[in-house]
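Inspection log for the structure reproduced underneath, given as structure tokens.
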Amino acid sequence: MKLIPIYSKPVSVEFDPTTGEFNPCLELQHRRVSDLAAMFSDQPAVQAILAGGDRLVYDVRNHPFITHNTDMVLGTTVIYPGKVGTEYHMTKGHFHQRDDQPELYHCLQGEGFLQMETRAGDYQVAAWHAGVITHIPPAYAHRVVNTGAGPLVFVACFHMAAGHDYAPVAARGFKFVIVERDGQPTALPNPRRSA
Ligand code: S6P
Ligand code: ZN
């Protein structure tokens with residue numbers, strides 16, 4: 001990650017909505033099947049992919065807009081199309097560390113679902129296509145699933161101070177997994193929850 005600038009004046013950056021790329025780009029993270037290995041339901045399918053070489057699942061680019069007293073970040077995520085077994089490519093998913101921190105997601109391209117769930121188990125899902133904006137309230141874990149044939153691109157706006165807590169989703173997943181059944185995206189009860 002490059003040094004994060006502290007801005008004292010208005011600032012503009014270039015953004016390409018088809019690729020999710022910023023110019024300048026301050027931070028780029030690649031997420032591969034190996035980074036999400038424990039999160040997919042079909043472990044033999046994960047191992048088969050890893051045995052043949054790792055595969056890119058999504059890219060995240062963040063542009064922090066930091067001033068002396070604010071810490072807003074604009075992030076873009078590009079989830080590439082594909083499945084692990086029958087489960088579609090998805091983000092890891094996380095809670096914000098702070099329970100008073102919401103987030104805005106704006107789908108620019110592609111189709112899929114935004115899964116959200118509180119620690120107490122209130123599960124919500126938003127069907128996504130280009131143009132949908134979803135407000136994720138504080139204390140809802142969030143994960144995006146790409147069920148389309150092309151890349152799913154979305155923008156996220158959040159405070160850096162929100163922080164990220166990946167452990168609960170890594171341990172249990174969401175209430176439902178989204179898989180392909182008879183050629184259609186289908187939500188099935190997460191087998192890890194009933195174990
Ligand atoms: C940050 C925001 C997004 C995600 C990104 C990747 O709060 O929700 O920028 O970081 O979509 O997802 P994840 O779950 O791997 O961080
Ligand atoms: Zn978030």
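Every heavy atom of this structure was used, including side-chain atoms; hydrogens, water molecules and symmetry mates were not. Order of appearance sets the numbers: ligands from 1, and atoms from 1 within every ligand.
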Report task. Could you tell me the angle subtended at the Zn ion (ligand 2) by NE2 of His94 and OE1 of Glu103, rounded to 10°? Result ->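 My answer is 180°, to the nearest 10°.
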Query - With the Zn ion (ligand 2) as the apex, the NE2/NE2 angle for His96 and His142 - to 10° - result: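 Rounded to 10°, it measures 100°.
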Starting from [atom], find the nearest protein heavy-atom neighbour and note its residue, name and distance.
atom                    : value
atom 16 (O) of ligand 1 : Tyr166 OH, 2.5 Å
atom 15 (O) of ligand 1 : Tyr58 OH, 2.5 Å
atom 1 (C) of ligand 1  : His164 NE2, 3.1 Å
atom 12 (O) of ligand 1 : Thr91 CB, 3.6 Å
atom 11 (O) of ligand 1 : Thr77 OG1, 2.8 Å
atom 10 (O) of ligand 1 : His94 CE1, 3.7 Å

Query - Glu103, portion touching ligand 1 at heavy-atom distance under 4.0 Å - result: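 The answer is the side chain.
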Okay, side chain of [X], backbone of [Y]: is any donor-acceptor separation there less than 3.5 Å?
X      : Y      : value
Thr70  : Met72  : no
Asn146 : Ile79  : yes
Glu111 : Gly148 : no

Which heavy atom of [X] sits nearest a heavy atom of [Y], and at what distance?
X      : Y      : answer
Phe174 : Ala141 : CE2-O, 3.7 Å
Pro5   : Leu26  : CD-CD1, 3.7 Å
Met116 : Ile136 : SD-CG1, 4.0 Å

Query - Asn69, CG atom: more than 12 neighbouring heavy atoms under 6.0 Å - result: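 Yes, enclosed.
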Query raised in the report: Does the N or O separation between Tyr105 and ligand 1 drop below 3.5 Å for any pair?
Result: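 Yes, Tyr105 has an N/O under 3.5 Å of an N/O on ligand 1.
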Query raised in the report: If you measure every N/O of Phe158 against every N/O of ligand 1, is any gap under 3.5 Å?
Result: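 No: no nitrogen or oxygen of Phe158 is under 3.5 Å from one in ligand 1.
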Report task. Please verify whether a non-hydrogen atom of His96 lies at under 4.0 Å from ligand 1. Result ->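 It does, in that a heavy atom of His96 comes within the 4.0 Å cut-off of ligand 1.
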Numbered atoms and elements of ligand 1 in range of [X], under 4.0 angstrom, heavy atoms:
X      : value
His142 : 8 (O)
Phe154 : 11 (O)
Val60  : 6 (C)
Gly93  : 14 (O)

Requested in this report: Start with the C-alpha gap between Glu87 and Arg192, add the side-chain angles, then the distance that decides, and say whether salt bridge (Lys or Arg N to Asp or Glu O under 4.0 Å) holds.
Outcome: CA-CA 14 Å; Glu87 195 171 4; Arg192 290 160 76 200; over 6 Å; no
Query raised in the report: How about Val60 and Leu28: do any of their side-chain heavy atoms sit closer than 4.5 Å?
Result: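 In short, these two side chains do not touch, never coming nearer than 4.5 Å.
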**Report entry** Note: Arg98-Glu103 ion pair, threshold 4.0 Å (strictly below)
**Finding:**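 Looking at Glu103 together with Arg98, the answer is no, because their closest N to O distance does not fall below 4.0 Å.
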